[in-house]
Amino acid sequence: MSWTAEEMMTVAAARALAGRGSCFVGIGLPSTAANLARRLHSPDLVLVYESGTVGAKPRALPLSIGDGELAETADAVVSVPEVFNYWLQPGRIDVGFLAAAQLDRFGNINTTVIGDDYRRPKVRLPGAGGAPEIAASCREVFILVRHSRRAFVDKVDFVTSVGYGDGPGARERLGLRGRGPVLVVTDLGVLRPDPVTCELTLTQVHHGVDPGQVRAATGWELAVADPLGLTPPPTGEELGLLRELVAGGEKV
Amino acid sequence: MSWTAEEMMTVAAARALAGRGSCFVGIGLPSTAANLARRLHSPDLVLVYESGTVGAKPRALPLSIGDGELAETADAVVSVPEVFNYWLQPGRIDVGFLAAAQLDRFGNINTTVIGDDYRRPKVRLPGAGGAPEIAASCREVFILVRHSRRAFVDKVDFVTSVGYGDGPGARERLGLRGRGPVLVVTDLGVLRPDPVTCELTLTQVHHGVDPGQVRAATGWELAVADPLGLTPPPTGEELGLLRELVAGGEKV
Amino acid sequence: MAELVGLAEGISGLVRDGDTVALEGFTHLIPVRAGHEIIRQGRRELTLVRMTPDIVYDQMIGAGCARKLVFAWGGNPGVGSLHRLRDAVERDWPAPLELEEHSHAGMANRYVAGASGLPFAVLRGYRGTDLARHTRTLAPITCPFTGEVLTAVPALRPDVTIIHAQRADRRGNVQLWGITGVQKEAVLAGHRSLVTVEEVVDDLDPRPGAIVLPSWVVTAVAEVPRGAHPSYAQGYYDRDNRFYQEWDGISRDRETFTEWLAEHVLDPAGSPR
Amino acid sequence: MAELVGLAEGISGLVRDGDTVALEGFTHLIPVRAGHEIIRQGRRELTLVRMTPDIVYDQMIGAGCARKLVFAWGGNPGVGSLHRLRDAVERDWPAPLELEEHSHAGMANRYVAGASGLPFAVLRGYRGTDLARHTRTLAPITCPFTGEVLTAVPALRPDVTIIHAQRADRRGNVQLWGITGVQKEAVLAGHRSLVTVEEVVDDLDPRPGAIVLPSWVVTAVAEVPRGAHPSYAQGYYDRDNRFYQEWDGISRDRETFTEWLAEHVLDPAGSPR
């Protein structure tokens, strides 16, 4: 049986949701992983989308964070101000799922601009959206990003969403109440913050990946945990459900 | 044809709503007057009750500000925070209708305590409810209160809702954006603020009332406008519709 | 996930002496039966929070449950005074009652701040009133952009919020419709919450004007038919206006009140009112 | 009371050069046709406000309507970049575009403040981000009760807010359901408002999850069937995901975009997209 690196990444992210009660979901891989988790091991996982759909149970993967399917299957549909003020901000939600164009060693995220000059960027990215407050207020943050030196940089060009800022104590100083990014899942492995330095450390490589590959794809001197964990390959059930989801899902 | 002083008072208040678009309504006489106005001359008058019923069209007089009838006939039912924040506070509503236990010469209202000691009052009244913000934010305020020296006092024991404060310029200094109490309707006549001094002045007596009676029932040296207006007696239509309303209204 | 419990179990599990307890419901869906159970269980020293204390708070205050009242309007709607509340404030019977007094807009925004995980809310209110002189939980706040001075009120975070709703499903999702008042904010602001419902059903079919409180933000749900009487539950029963009028007489003097309480609340064999 | 108007009349009556204009609709019910009419009427120097600028704002920016953009997320959802937005920011084509950049939570609260008649709103946000360095419409604010430092954002008060809804009645009362986003706040925050609707009906029968904007808070209503395409109108038509993908190709270079605009927006005989 074979699988793509993206499938491995999505499965690893879905596994990490086991035991979590609620998840603030962005579109794309996070949404795929969260919906896979609901089908695999967490049927009661509460999916909250920033469009205001609380407890959505999409029968097919939504293509946008505001698909009608999300509203039709949600426990409650609330206004956008309400979903941010009453649901996200108080820290009710266990896991916030974020993507990143750039990610630094302290888990700070850039989705705003590439280049030094904010006013005249090399590349203008979409911007913050809901990410800064998701990163600030969810109890924990998972980040999903493909591994490359372009993405994993020593210092992000723009801090859109705060991870551990400039290191230990930064979140407390800033009054950020969530724990911050406890997990980064990539197509090569899994990084976790060092408990002392808060620096993202390679704690796990996916089946068939060499740690050297990961270090080579990282823009800073990546620390590697010893012993280094190994992600078990996707099971047939995981791959089957994932492919079913991506193919359009079990329409009910 | 005969009528009670209270009927005259209610009819006079209903007449004053002619040409107004929306009204924030308290229960009791204000609600009776506002519903009478809808039947007499202002079928499109928007009634807003603090229970969150916007555009209520009760077929019978509600006995509380939160009757089911109000929700069932409203254009929109919103939460209590929303009715105060989105609907009252921005000054969208033309007329706020208030009652008072005590009223002073500057139209300041007391519905909190009778007596000098707030902590140990002679009489503990219900309190503020929605009145302070109605008095602050509606474009204009109408006050309905029966005339007596107990109610019309030189200085209220407690300022629950601000009229003209200590006189000219007070509302502006306090940042109150509505015009304040432009009309006080009693069972004897109508008082309006003097354009210069802001002091409530008798501008109109109801049919059959002598100005001396009104001065005798007022706890300060009541100024009387010259010429003094006269409230025309209730018409047969006005009395008929009012009595129908009070008797239980035209149930549809 | 909310637990389905009996009323007595729900109150004994969630409400402790000295707690700050909010029973909300704006004219509609007032959790009266839950208040009676608090009286029966003899809770004491409670800080009672409610925008509009009416009959059920008059009963709880008269029964001696309360040390303090946080409120905006305390009366018998359409009838007059709350005699037990007045007796406590004016004559310390059965015990002195400390008051923390606000306006409706202020109370509503304090719940909003609590539900939003903010320490305070901002509104246009209180300026020029004597509330600003007597209520410590108010402060001026200046807009950093315009310099305008407004009023800040601190968040309300009750230890327990109790509301009544029309329905819940077996998983503990709660649905209410009609006038929904400040109940969502009150539940989300509370550290714990109990929802009494007219009925527990298999499925909450969508209703116009209905809001749903998902099971995972509710601590416990108890099925208590007619749990809001003498207030009303839209779609189930109307407001018992007669009882609101009768209450004026019952509550006027201490003896008739005490007898009423003994017969209708304390006596398990008594007919609930 | 809202006036029932034609789309062209509604836009010409309400939108002027230099106005601050908000077109809202969170994925669902995006007022695309109204944006096209603004392009057709050649409005210029607009400050465009929107939480999530997507295809219709890409078109308005590429067509030269905008001087400034106030936003939180500008992209083609599920597809990628907005090439016209990027061309304006990165290469000043067709004109330089000033950015005022916020987060979703910040934008939503700015509309809430506008709808509430407050000069600012308070939230937990922005702290530690570079937005706080580049966006002037942010300020720290200290809780007068706890001393905690939070972030204040100024109210948004657009000159005109434009939304799309499923239905209105002949008196101009507007009803929308499904994902209703920030539309109520945006309309209540605006000095003027235009609502395009799928259909005008005799009566707005109650719908689960529906909100109603009463006629007296809306300036004008225009019947514009499929007015939200390529986004969707729940109960009327689905999202045209293919067009979102096609837009990536159409918008990539200036020529194909200009041709598309001429054919589908500017040419009255052209087929609307």
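Every heavy atom of this structure was used, including side-chain atoms; hydrogens, water molecules and symmetry mates were not. Chain letters run A, B, ... following the sequence lines, proteins first and then strands; every chain starts at 1. Owing to the predicted nature of the structure, the values given are computational and were not obtained by experimental measurement.
Considering only residues two or more places apart in sequence or on other chains, D:Trp177 meets the ring-ring contact (aromatic ring centres under 6.0 Å, His included) condition with none of them. Applying the side chain to side chain donor-acceptor pair (under 3.5 Å) test to C:Arg43 and every residue at least two apart in sequence or in another chain returns C:Asp17.
Counting heavy-atom pairs under 4.5 Å between each of D:Ala121, D:Ala113, D:Ala139, D:Gly209 and chain C puts D:Ala139 at the top. For chain C, the option among D:Ser116, D:Pro144, D:Pro154 with the highest count of heavy-atom pairs below 4.5 Å is D:Pro154. The candidate from C:Gly117, C:Cys143, C:Pro140, C:Pro206 with the greatest count of non-hydrogen atom pairs under 4.5 Å with chain D is C:Cys143.
Salt bridge absent: D:Arg192 and D:Asp159 never bring a charged side-chain N and a carboxylate O closer than 4.0 Å.
D:Leu123 touches chain C through its backbone: at least one of N, CA, C or O sits under 4.5 Å from a heavy atom, while the side chain does not. Of the two parts of D:Arg207, only the backbone, made up of N, CA, C and O, holds a non-hydrogen atom closer than 4.5 Å to a non-hydrogen atom of chain C. Of the atoms belonging to D:Ala210, not a single heavy atom falls under 4.5 Å from chain C. Using a 4.5 Å cut-off between heavy atoms, D:Val212 does not touch chain C at all.
Ring to ring, D:Phe71 and D:His104 are not that close: their centroids are 6.0 angstrom or more apart. Ring to ring, C:His229 and C:Tyr237 are not that close: their centroids are 6.0 angstrom or more apart.
Counting only N and O atoms by type, the side chains of D:Thr142 and D:Glu148 include no donor and acceptor under 3.5 Å apart.
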